[in-house]
Amino acid sequence: MRVKVEIVRRPEIADPQGVTVVRALRELGFGEVAEARFNRTIVLDLHGTDPVSAQARVEEMCRRLLANPVIEDFEVQVLEP
Amino acid sequence: MRVKVEIVRRPEIADPQGVTVVRALRELGFGEVAEARFNRTIVLDLHGTDPVSAQARVEEMCRRLLANPVIEDFEVQVLEP
Amino acid sequence: MNVDDDAPTDEEGSEPSVHRLLGLTDEEYARILSTLGRDPRPAELAMYSVMWSEHCSYKSSRVHLRRFPTTAPWVVVGPGENAGVVDIGDGWLAALRIESHNHPSFVEPYQGAATGVGGILRDIFTMGARPIALWDSLRFGPLDQARNRYLFKGVVAGIAGYGNAVGVPTVGGEVGFAEHYSANPLVNVMCLGLLRPEQLVLATAGPEGTVAVLLGAATGRDGIGGASVLASASFEDESPSKRPSVQVGDPFEEKKLIEACLELYERNLVVGVQDLGAAGLSCAVSEPAARAGMGMELDLDRVHVREPGMTAAELLMSESQERMMAFVHPDHLDEVLEVAERREILASVVGKVISGGQVLVSHAGELVAEVPAVSLTDEAPLYERPLGEPGWMEDLWANTVKFMAQPAIATSLLQMLNEPELGSKSWVYEQYDHMLFLNTVVGPGHDAALLRVKGTSRGLALTTDGNGRLCYLDPRRGAARLVFEAALNVAVVGAEPLAVVDNLNFGNPEKPEVMWQFRETVEGLAEACESLGIPVIGGNVSFYNETDGLDIYPTPVVGMLGLVENLGSPAPRLDRAEEGMDLWLIGPEWSINLAGSAFEKITFAHVGGRPSPADPTMARAAIASARLLASAGLPAIHDVSTGGTALAVAEMCMASGVGATVAYSDWRHLFCEDPHRFLVAATPEQARTVESIADDLGIPAARIGSFGGTEIAFDRRGVKAALDLEMATTTWQNAVEARLV
Amino acid sequence: MTGPLTAPRVAVVVFPGTNCELDAAHALELAGAKPDIVWHRRAELDDFDSVVLPGGFAHGDYLRTGAIARFSPVMGPVGEMAAAGKPVLGICNGFQILCEAGLLPGAFIANSGLSFICRFVEVEVSSTASMLTHAAAAGQVLRLPLNSYEGNYVDPSLTGRVVLRYRDNPNGAQGGAAAIANEAGNVVGVMPHPERACEATLGSEDGMILLRSFLGAPRLEPTRSR
Ligand SMILES: Nc1ncnc2c1ncn2[C@@H]1O[C@H](COP(=O)(O)OP(=O)(O)O)[C@@H](O)[C@H]1O
Ligand SMILES: [Mg+2]
């Protein structure tokens, strides 16, 4: 079972990497870039489980370890069986 | 226009971070985790452009700056107008 | 380049094209045939190809490297092991080694540099030493090209990312820029370790029955066709088969590996240890076996792997990082495995030492290789490649600048301060943890780093020097001058030069001109070391630094270790000059030779003429006097090097935040870079000390100016050329950083 | 390790990847303590008066700095000591771990300049109501080495008490925070390294003021941390 987790920094928290990349892109001639935000995705492969419980277990992993609730939200998506 | 870029480390390239997180998850009782791979996503907001040219421009940004072609592949997805 | 295990069978033999693809010549292949008396199996061919690569076998350089002096009473381990080891007294030994990671850093700067750091650390802790300091010597093309900026930033971030996380401070380094490195940056990293004599471990397999335990990261298809093979091919070759699978560094794994290995040594649980670098498992079994005069059985099925389905050849060639092979007496095996488990690293028993000298490798239950260990190591090919002085040397020497008039000194100096080559490198070293372990008494930004050895009164000084432009103009003179400069650099922080490691970065050794540069360089280094009585205890050779047929400048980098027996008064530092102090120049009479100088390069874009030779007698006097002055408590001492006296004065002024006025008679004196000169800041009361030390050693000392004011001023019979200190400092401080944003 | 008989016993915790433990122990000893290096699997710290989580890269800083370390067995007793009002100090990576563990508010993100920063910085004592700063003078300026990539403090809750503030905010930290204390003041996180500034030969002795303060701190009332 493959599950994808996207960890998104909450919008009110600064994203220095995003700020830097916008500047660099504009210098390269991509003047249309207004904003950039960096997130992390983690692709997990799980042994023998079903989509429903995989979803629940990975959400649990996010709450306990993968995301920091002080600054991050997360989104879990079961990709394939 | 909002565009999402997913930057994926090529599968044959080692991912030490993934290895460490698998170990940590297993210790926390998530024994079903077989593998974890870390990727990056970048969400870009672009001024006044259309989906077709946005797609092309962002692919160009990936080739020039956002992705490292030696170890990474990328995927561009136009999210909303 | 994956070697397909199924393709050529035993009976048919390997296709000749396979050996060529692997970088073996037809003669080398014939040699394998005659060693084995049969066609090699694919796994065997893989082993020969990596072990006989230039990178692992030193086949083009070995005949020359024998020229180095390598012995001294304090040398415990000379060249040949993973690192050199010297006795520094008070029950401590120091291990030192330098390594290049040029080609991988060009392919992927962050990971290339990071894994370079990982590799040099393993060379040090393989010896039983705890790594206590790193040092980097870097060369890039000019920063006005985006690609060079990318490489420079990536390499520095990679060194920082790995070194900081693994927990070994990077206490200094050097960076140079020249067009010749545009398509071929140089990334050399030096590491210093400390150990107790009883902890010394050698890379030997031990007696029959010793078990081989593979520790650390899982093996994947990393760098196959990478460092060892790629190092023998040029960058221009972009065929997919030669594109390496980039190795990724894992400083966390390495940190665990360091602590685990150090515990094994402390508890005396290993017979020998070999790190896995280029040539991976092939090297880790054959070299220790050959050293022990034994053979080895290796069972590839027991290797812990990252990806399924790897062939025997891939497993044998893989350059996966953060792996070590420990050779363990069977009685200690359980304890070794317990240490690994507690330290949270993987361990697999993969083989054992056998008598008879054969390396026997099995995979999927079958014997896939059976070769004499020494045929892979000591009996690797050795070439005496043709060499010849390049036709252009005479022209180059004759090509001097004719100066019509005195240039504007202040403007020239400002122009030099604005060059990345001479500007402040704080953008680099502030990204490196240079303070960990609480030993850094003098850190980056000075001529050498000075580390205290806690629990003793001793200090160790560390530096590297390299100057491609100088060595291009005269490899022998240039190389000799580097040794003297490095020795003087450790002397100005109060240390006695103790040992040299060298990193020889050269072009294509198949070109006679390059081989000539190489031979000349080795001669120059050897002569200088001999004249100072300093042994060469290790080094590294990097050939094939060429792209599209253009070779880099011949760039030897000399690493020097110095010893201070008594760290008493505060060590001299660049930033301790003060208003009212005198400025002294110690060294031979003024010279006007500007060949190879930064001044000619920067203000006239000229590289030509013949640099002055070193003078061993003056060198010894300069080194000894600098050291005595440092221990006599002189506040600031700084050698005159690239940029000449003018730049050296400016560096002291900028660091100390005080101006100076310097008297001169011929402007060329200010920019000349001839060797064996250094500057001293001294209070008027210290004048006697300066004079008497210089006198005793027979080296001229002249008071050439004094510190004070807010200008760096040069005065010729009342006519003053002055540069505002603040403007100088801002320019110098921005020379690198401002070009990167 | 030597020291006066009454020397406070300090546990210096080592996680896999920690690298400042010997430095912390060295400086604590100079400051008069009796430090012991303790492996992260240890599940009790009964013998200790206080605990220090030193700097480094626990678990490689993988995932998030401090994220994995907070689950180590030793963090149980660290939490108990924090609740009991005993001095708990996190330095650099140790600070990040305390935040992840919820013993201090806030979190860390990359420095605003996106570079690792290793150099001396100046910090001002903005509050003396903490174990780390009670022996210092309010407004006093200290010179300490900074050594971090993720030193940029963010605290959406605005509940941490800033006890040291950068004079020239080098990493973008919210409110210029260089050190934060909990409400009771017994749990403190500091981003610069006081242990690197305890000897004149290393460039500064200002760190000694903080470490002595930490060691001499009286027992405070139990905390009501979140
Ligand atoms: N790559 C680097 N890493 C760390 N420190 C560096 C690096 N490059 C330069 N430095 C520091 O900056 C100082 C100035 O460098 P450099 O001009 O090369 O010195 P020198 O003239 O003595 O050879 C050095 O003392 C060194 O410690
Ligand atoms: Mg120098």
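Quick note on labels: first sequence line is chain A, next is B, and so on, each numbered from 1.
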Min side-chain heavy-atom separation B:Asn68-C:Tyr150 under 4.5 Å
yes

Would you mind checking which part of [X] comes under 4.5 Å of any heavy atom in chain B, side chain (CB onward), backbone (N, CA, C, O), both or neither?
{"X": "C:Glu307", "answer": "side chain"}
{"X": "C:Phe252", "answer": "side chain"}
{"X": "C:Glu344", "answer": "both"}

In terms of heavy-atom contacts, does CD of C:Glu341 have more than 12 from other residues, nucleotides or ligands at under 6.0 Å?
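At most 12 heavy atoms, drawn from other residues, nucleotides or ligands, come within 6.0 Å of this atom.
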
Please name the pair of heavy atoms, one in C:Gly249 and one in B:Pro16, separated by the smallest distance, quoted to 0.1 Å.
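Taking every non-hydrogen atom into account, O-CG, 3.9 Å.
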
Which pair of heavy atoms, one from C:Val248 and one from B:Ala14, lies closest together, and at what distance?
CG2-O, 3.7 Å

If one checks every heavy atom of B:Ile13 against chain C at 4.5 Å, the contacting part turns out to be both

CD (C:Gln111) and CD1 (B:Ile71) are apart, to the nearest 0.5 Å, by 5.5 Å

Treating C:Arg306 as the side-chain partner and B:Glu12 as the backbone partner, does any N or O pair qualify as donor plus acceptor under 3.5 Å?
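Yes, because the side chain of C:Arg306 sits within donor-acceptor range (under 3.5 Å) of the backbone of B:Glu12.
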
